[in-house]
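Worksheet for the structure shown next.
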Amino acid sequence: MTHEQILELLPIHALDALEGDQLAEVDAHVSNCEVCSTELSTLYSVTATLTSDVPAPLGVWDRIEAEIEGESSSAKVISLEEASSRKGKGAMWFASIAAAAALIFAGLAVFQRGTINDLSGPEGVIVAAESAAEEPGAIVADFETDDGSVAQVVLSPDGEGFVLPADSLDPLDEDRTYQLWVITPDEQVISAGVLGNDPEPARFTWSGEVAGFALTRERAGGVISSEGDVVSVIEA
């Protein structure tokens, strides 16, 4: 596949919907392409935002497909490989779903980037975090290791979150990244953002209850489910 084709598949990858040879080829490309790696990291962050709320109502994807097809009947579920190989309406359906996913991700990513840019870089993030930490009910906690605190996390009551790495947080190799996770009261562990191999102060959003946070080391680009080693865990 070309670079452009892989870029089009990244939103689907972020939804954990690629399989087999497609998944292997995209992963191989992302591991050697800074542009795609950065884009996938952004999409993973957006995925966390999308999945942090209550699940979609039953049958919602059936209704979306029926609207695209112009039919009222229930959708027939097919694999990605089968859909991408079909001609006519089947191929158009697959392309429409992929395009819709890309538009959703793009819109949310632009919104998130715009919000971050308004904070005027790392210094602005720190100022905003200090302000959020003073709000009644805010969560302020440190990721502790044997060597002391390596980062601080702040989460305001309205869901504005911040990660403030300390100087003691060692940079990782370029093929690795730090990743932030939110632990929910029902013990789900959900990605709240990919921080990079040498993190700067960063912002994230979260809606819902929080039981804790985790900081891990993962492969570059981040993952949906942690595969790396745990740096530190916070019980909120």
Side-chain angles (χ1 to χ4, degrees), residues 10-11 14 34-53 103-145 147-174 176-184 190-210 212-218 220-223 231-234 236:
L10 292 183
E34 184 176 353
V35 172
C36 288
S37 176
T38 301
E39 181 67 15
L40 186 58
S41 297
T42 300
L43 293 174
Y44 275 137
S45 297
V46 177
T47 301
T49 302
L50 289 170
T51 58
S52 63
D53 296 320
L103 286 173
I104 292 170
F105 276 121
L108 289 173
V110 167
F111 172 78
Q112 286 190 339
R113 288 168 181 163
T115 304
I116 291 172
N117 288 339
D118 288 343
L119 294 173
S120 302
E123 295 80 8
V125 175
I126 293 173
V127 171
E130 291 173 346
S131 176
E134 296 176 357
E135 296 181 24
I139 298 173
V140 182
D142 290 335
F143 284 111
E144 298 282 354
T145 68
D147 297 325
S149 174
V150 294
Q152 184 178 73
V153 63
V154 177
L155 182 63
S156 70
D158 62 357
E160 294 295 325
F162 305 87
V163 183
L164 307 176
D167 292 339
S168 55
L169 187 65
D170 295 329
L172 303 176
D173 293 337
E174 291 185 358
R176 304 285 288 169
T177 185
Y178 287 103
Q179 190 160 349
L180 176 69
W181 306 85
V182 173
I183 304 171
T184 67
I190 301 173
S191 175
V194 179
L195 306 178
N197 67 321
D198 190 9
E200 293 185 340
R203 182 180 180 181
F204 68 96
T205 58
W206 179 260
S207 60
E209 297 183 22
V210 174
F213 300 92
L215 184 66
T216 65
R217 302 181 186 94
E218 308 291 348
V223 294
V231 177
S232 181
V233 175
I234 294 171

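- Separating the CD1 atom in Ile126 from the CD atom in Glu200 is a distance of 9.0 Å, to the nearest 0.5 Å.
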Full working for side-chain hydrogen bond (donor to acceptor under 3.5 Å, both in side chains) between Thr145 and Asp147: CA-CA 5 Å; Thr145 68; Asp147 297 325; 4.7 Å; no
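- Residue Thr177 comes nearest to Gly222 through the heavy atom pair CG2-N, 3.9 Å, listed as atom of the first residue, atom of the second, then distance.
- For the pair Val125 and Arg203, the tightest heavy-atom approach, listed with the atom from each and the gap, is CG1-N, 4.5 Å.
- Using a 4.5 Å cut-off on side-chain heavy atoms (C-beta onward), Thr184 and Val210 make no contact.
- The nearest pair of heavy atoms linking Pro201 to Leu164 is CB-CD2, 3.8 Å.
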From CA spacing to verdict: side-chain contact (heavy atoms from CB on, under 4.5 Å), Trp181, Leu215: CA-CA 6 Å; Trp181 306 85; Leu215 184 66; over 6 Å; no
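- Annotation: side-chain contact (heavy atoms from CB on, under 4.5 Å) contacts of Asp142 (sequence neighbours excluded): Glu144, Ser149, Gln152.
- Residues Val154 and Ala129 come closest through the heavy atom pair CG1-O, 3.8 Å.
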Derivation and outcome, side-chain contact (heavy atoms from CB on, under 4.5 Å), residues Ile234 and Phe143: CA-CA 6 Å; Ile234 294 171; Phe143 284 111; 3.6 Å; yes
Stepwise side-chain contact (heavy atoms from CB on, under 4.5 Å) test for Val153 and Phe162: CA-CA 6 Å; Val153 63; Phe162 305 87; over 6 Å; no
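- The closest donor-acceptor contact from the side chain of Trp206 to the backbone of Gly208 lies under 3.5 Å.
- A donor-acceptor pair shorter than 3.5 Å can be found between the side chains of Ser191 and Gln179.
- From Glu160, atom CD reaches atom OG of Ser207 across 11.0 Å, with rounding to the nearest 0.5 Å.
- Atoms CG and CZ, from Leu155 and Phe213 in turn, are 5.0 Å apart once rounded to the nearest 0.5 Å.
- Checking each of Val194, Leu169, Thr216, Asn197 against Tyr178 for a side chain to side chain contact (heavy atoms under 4.5 Å, CB included) leaves exactly one that passes, namely Leu169.
- Atoms CZ and CD, on Arg176 and Glu218 in that order, are 6.5 Å from each other to the nearest 0.5 Å.
- Within 6.0 Å of atom CD in Glu135, more than 12 heavy atoms from other residues, nucleotides or ligands are found, so the atom counts as buried in its surroundings.
- In terms of heavy atoms, Ala132 sits closest to Ser156 at CB-CB, 4.0 Å.
- Minimum heavy-atom separation, Pro165 to Val163: CD-O, 3.4 Å.
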